[in-house]
Amino acid sequence: MRLWRKSLKEKIREQLVPLFPLEEAELELTQPPSSKMGDVALPFPFRLARKIKKPPRHIAEQAQPQLAQIEGLARVEIAGGGYLNLFLDRKKFIKEMVLGKTEKQELAEEKKIIIEHTNINPNKAAHIGHLRNAVLGDTLARCLKYKGEQVEVQNYIDDTGVQVVDVVFGFLELERKTLADIQALSGKLDDYCWDLYTRVSAYLQEHPQAQNKRNVYLKKIEKGEGEEARVAAYISREIARAHLETMKRLDISYDVLPCESSILHLKFWERAFQLLQEKKAITLAQEGPNKGCWIMPLTHRTEKEKVIVRSDGTVTYVGKDIAYQLWKLGLLGLDFYYEPFLQENGHTIWITTHQPTPHQVHFGGGSKVYNVIDTRQSYLQDVVVQGLRRLGYPQEADKSIHFSYEMVALSPQSLRELGLEPPPGEEDRSFYEVSGRKGLGIKANDFLDRLEAKAYHEVDQRNPDLPRPVKEEIAHQIACGALRYFMLKYTRNSLIVFDFDEALNFEGETGPYLQYTYVRIQSIFRKLKERKKIVVEDLITPEKLNQIDLSPLNPQEADEMWDLIYLASLLDEEVLHSIVTLELANLAKFTFNLCQKFNAYYHKYPILAEPEAKIQFLRIITVYYLQNTLSIALQLMGLPLPEKM
RNA sequence: GCGCCUGUAGCUCAGGGGAUAGAGCGUCGGACUCCGGAUCCGAAGGCCGCAGGUUCGAUUCCUGCCAGGCGCGCCA
């Protein structure tokens, strides 16, 4: 852990540079196919072979004695056609890893990183598609914080958009309700609106003439006028609160909720428009179909130019997004006012407002921004980034990252389970897109309830004597773990076709499997204390670890212990790699593999029952190190750590 | 039509210019009077979509084709 690999690489370079014309990129450290062949492989002889016209094997032979001198290496072997395989000094390495601090690293590269995720329209309940977004964003935030970055998490609330307008329209026009009626509604507003939104969508479909009236609503809500705006404000706040509740079940939280209403009232767009005109980032189309519109020419994409301001002078969605992105990067020269929205475990979630407040907090102004949005929006995200470029901010453009991922869709089977019909004309598709408009989707809370109910049943079978609230808490932890792991295990490009059987599974490659592994380690430690009066922490001291003696182990066990510790030590790199590639599935797979290997290990090598103290000690430090590593990995993915389950 | 993404075991998915292509699920067969069986072990199962090209070497890179998905609004 702790960048040992980097320092190893430097030492290797020192040894090799006098011998060979070796470029930085040519010195690559890889993994031999089997740990028996070595811990680290150097394939550079193959790359050099062509360059200096010598056979790889010959190069390897020349390098071998030099490399063998490096401190921390036990030996160096030549394998295959010219691989150099390095074996680490096991005793030294184990000691360093087990004693090594496993806290946050100090590798920050940015002043402040902003992650925008969740961004659910506040007009209906959250569904499973939103959960993928939130889990990815939250996990990225955790990984970046672990790396040492300062991270600010934003959740954008489109409280004046057409989706909210539709629901307001439904309440006032279709249901003839007043604000007071709405406030008096029993039950959860987000669930109520889930159905209402579907009805409104259908109504507007069937009554095109109602569009005009809806547009009046839109204008009033944007301007903040009348009952319409008051209802919109109430609904959007209430539903945003409901979304936060849902996300809290998954241990996901935020720092600030920027609202579109604030952006409108504080004239963020007007400022951005001014900047775009000044820098000639957008132009007024003189002819063609977009005549009279302000458009942005696109150079990277082959799609047509993008309209930013309509011929009637109103701004499009992308235009507002450019203004928002400028604010996030501290380039707009304007800021919101803020007030507390709610308290969660001592943490305040702030919301923006256009009225001055006494609170001296500030958000935005990041040096790097991740926008977690599904892949269908990549074209628009490209437009935003290109806007920055055309405004003369190439660095900021490079640091505006669209963290894109594929959507979550529903399998035909899951549709049937929900009692829903496929949309007309789409009866034999292999998956169905979630659609709030059509009411096609699985509500996040409903699914979490199902997970919790199943988890409770399992816990109850295994630990019937635990008090009910404890069992409920554990069930909650397992449900959270199951859901989060499920959302993380697929790579970003992979469309998740949601299937209840798969998502409700607790065996195999699942969150509960990982949690179970952790719980069993806890259980071993507990029993060591109870039955043998051994307190594991007391054994982990520099003095005791200096005396590590691997010789009592038979070679088979020594290798397996080594493999495990070595694999676990790669966690840090795995996290950094996951950040760079934005493939959090790497971390998920890594942790799963680690658990698998560990489960096999302790199945084979008992700890409590081991009579030989020296062997027991070695097994204990192995388990101790695994427990440490595993708890970090699970927390990075947001999987709770139950004591029992 | 144009752009982006995907095609790997029955299913769901990893991987990746080189040393025997890997998991989970499912199927079949096993496991210690055991530290938790939400576990572990084993078996069966693959022309890595097709065809060319680059390379000493391609499942991986390039091109073309085929198949599927998603985008391409003066909607958000």
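Each chain gets a letter, A, B and so on, in the order its sequence line appears, and its residues count up from 1. These numbers come from the heavy atoms of this one structure, side chains and all, not from hydrogens, waters or symmetry mates.
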Subject >> Selected nucleotide, minimal atom distance to A:M645 side chain, candidates B:rC5, B:rU39, B:rA38 >> reply: B:rA38
**OP:** Decide whether a cation-pi geometry holds between A:R429 and A:F431; the criteria are a distance under 6.0 Å from NZ or CZ to the six-membered ring centre and an angle within 45° of the ring axis.
**Re:** yes
Original post:
A:S494 near the nucleic acid: base, sugar-phosphate alone, or nothing, with a heavy-atom cut-off under 4.0 Å?
Top reply: sugar-phosphate
Original post:
How is A:N493 classified with respect to the nucleic acid when contacts are heavy atoms under 4.0 Å: base, sugar-phosphate, or nothing?
Top reply: sugar-phosphate
**OP:** Select base, sugar-phosphate, or nothing to describe what A:K597 touches, counting heavy atoms under 4.0 Å on all strands.
**Re:** nothing
Subject >> Nearest to side-chain heavy atoms of A:K527, which nucleotide of B:rC35, B:rU12, B:rA38 >> reply: B:rC35
Subject >> Closest nucleotide among B:rC35, B:rC70, B:rC74 to the A:V307 side chain >> reply: B:rC74
Subject >> Integer-rounded Å distance: B:rC75 P and A:Y217 OH >> reply: 22 Å
Subject >> Ion pair A:R132/A:E406, N-O distance below 4.0 Å >> reply: no
Original post:
Has A:E427 got more than 12 heavy atoms of other residues, nucleotides or ligands less than 6.0 Å from its CD?
Top reply: yes
Subject >> Integer-rounded Å distance: B:rG69 P and A:L495 CG >> reply: 11 Å
Original post:
Does OP1 or OP2 of B:rG69 have a side-chain N or O of A:R376 closer than 4.0 Å?
Top reply: no
Original post:
A:I295 near the nucleic acid: base, sugar-phosphate alone, or nothing, with a heavy-atom cut-off under 4.0 Å?
Top reply: nothing
Subject >> Separation of atom CD in A:Q381 from atom C1' in B:rC70, rounded to whole Å >> reply: 16 Å
Original post:
Counting any heavy atom closer than 4.0 Å, what does A:F506 reach on the DNA or RNA strands: base, sugar-phosphate only, or nothing?
Top reply: base
Original post:
A:I607 has a side chain; which of B:rA38, B:rC35, B:rA76 sits nearest to it?
Top reply: B:rC35
Original post:
Roughly how far apart, to the nearest Å, are B:rU59 and B:rG1 at atom C1'?
Top reply: 32 Å
Original post:
Salt bridge check: are A:E560 and A:K597 linked by an N-O gap of less than 4.0 Å?
Top reply: no
Original post:
B:rA31, B:rA38, B:rA76: which one has an atom nearest the side-chain heavy atoms of A:E458?
Top reply: B:rA38
Original post:
Contact class for A:R462 (heavy atom, under 4.0 Å): base, sugar-phosphate, or nothing?
Top reply: base
Original post:
Does a side-chain N-to-carboxylate-O contact under 4.0 Å join A:E509 and A:K589?
Top reply: yes
Subject >> Parallel, tilted or perpendicular: rings of A:F169 and A:Y203 (30°, 60°) >> reply: tilted
**OP:** Grab the two heavy atoms, one from A:V519 and one from A:K644, that are nearest each other, plus how far apart they are.
**Re:** CG1-CA, 3.9 Å
**OP:** Can you tell me, in whole Å, how much space there is between the C1' of B:rG10 and that of B:rG26?
**Re:** 8 Å
**OP:** Taking atom C1' in both B:rC35 and B:rA44, compute the distance separating them and give it to the nearest angstrom.
**Re:** 33 Å
Original post:
Taking atom C1' in both B:rG24 and B:rC74, what distance in whole Å separates the two?
Top reply: 49 Å
Subject >> Partner of A:N371 under side chain to side chain donor-acceptor pair (under 3.5 Å), chosen from A:Q381, A:Q154, A:H402 >> reply: A:Q381
Original post:
Expressed as a whole number of Å, how far does the P atom of B:rC72 sit from that of B:rG17?
Top reply: 33 Å
**OP:** Using a 4.0 Å heavy-atom cut-off across all strands, classify A:Y605 as base, sugar-phosphate, or nothing.
**Re:** base
**OP:** For the residue pair A:F273 and A:W294, categorise the inter-ring angle as parallel (less than 30°), tilted (30 to 60°) or perpendicular (more than 60°).
**Re:** perpendicular
Subject >> B:rA58 versus B:rU12 - spacing of their C1' atoms, nearest Å >> reply: 26 Å
Original post:
So what does A:T375 hit on the nucleic acid, given a heavy-atom distance under 4.0 Å: a base, only sugar-phosphate, or nothing?
Top reply: nothing
Subject >> Axial cation check for A:F592 ring with A:K489, 6.0 Å and 45° limits >> reply: no
Original post:
Is any side-chain N of the basic residue among A:D166 and A:R214 closer than 4.0 Å to the acidic one's carboxylate O?
Top reply: yes
**OP:** Before accepting this row, confirm whether a basic side-chain N of the pair A:E458/A:R462 lies closer than 4.0 Å to the acidic partner's carboxylate O.
**Re:** yes
Original post:
Within the structure shown, what part of the strands sits under 4.0 Å from A:I521 by heavy-atom distance: base, sugar-phosphate, or nothing?
Top reply: nothing
Original post:
Near RNA chain B, which residues from residues 427-440 of chain A have a heavy atom under 4.0 Å away?
Top reply: A:R429, A:F431
Subject >> Same-atom distance (P) from B:rU60 to B:rC50, integer angstrom >> reply: 10 Å
Original post:
Looking across every strand, which nucleic acid part, if any, lies under 4.0 Å from A:V318 by heavy atom: base, sugar-phosphate, or nothing?
Top reply: nothing
Original post:
Across the strands shown, which category fits A:V459 at heavy-atom distances under 4.0 angstrom: base, sugar-phosphate, nothing?
Top reply: base
Original post:
What nucleotide, of B:rU12, B:rG71, B:rG15, holds the atom closest to the side chain of A:N586?
Top reply: B:rG15
Subject >> Between P of B:rG37 and OH of A:Y513, the distance in whole Å >> reply: 12 Å
**OP:** Assign a letter to each nucleotide of nucleotides 19-24 of chain B from its 5' end: B, base within under 4.0 Å of a protein heavy atom; S, sugar-phosphate only; -, no contact.
**Re:** BB--SS
Original post:
Does the ring of A:Y197 carry A:R437 above it, NZ/CZ under 6.0 angstrom from centre and within 45° of its axis?
Top reply: no
Original post:
For A:F598 and B:rC35, what is the distance between atoms CZ and P respectively, to the nearest whole Å?
Top reply: 16 Å
Original post:
Under a cut-off of 3.5 Å for both distances of each Watson-Crick or G-U pair, what dot-bracket string does RNA chain B give, using [ ] for crossing pairs and | for inter-strand pairs?
Top reply: (((((((..((((....[...)))).(((((.......))))).....(((((..]....))))))))))))....
Subject >> Residue met sooner reading RNA chain B from 5', once A:P606 and A:E260 are mapped to nucleotides >> reply: A:P606
Subject >> A:F268 side chain reached by A:K320 side chain, heavy atoms, under 4.5 Å >> reply: no
**OP:** Could you check how far OH of A:Y601 sits from C1' of B:rC41, rounded to whole Å?
**Re:** 18 Å
Subject >> Gap between atoms CD1 and P, on A:I524 and B:rU39 respectively (whole Å) >> reply: 16 Å
Original post:
If you measure from the C1' atom in B:rC4 to the same atom in B:rU20, how many Å do you get, rounded?
Top reply: 36 Å
**OP:** Specify the separation, in whole Å, of atom CD of A:E610 and atom C1' of B:rC34.
**Re:** 15 Å
Original post:
Hey, are the side chains of A:N215 and A:K219 touching, using non-hydrogen atoms and a 4.5 Å cut-off?
Top reply: no
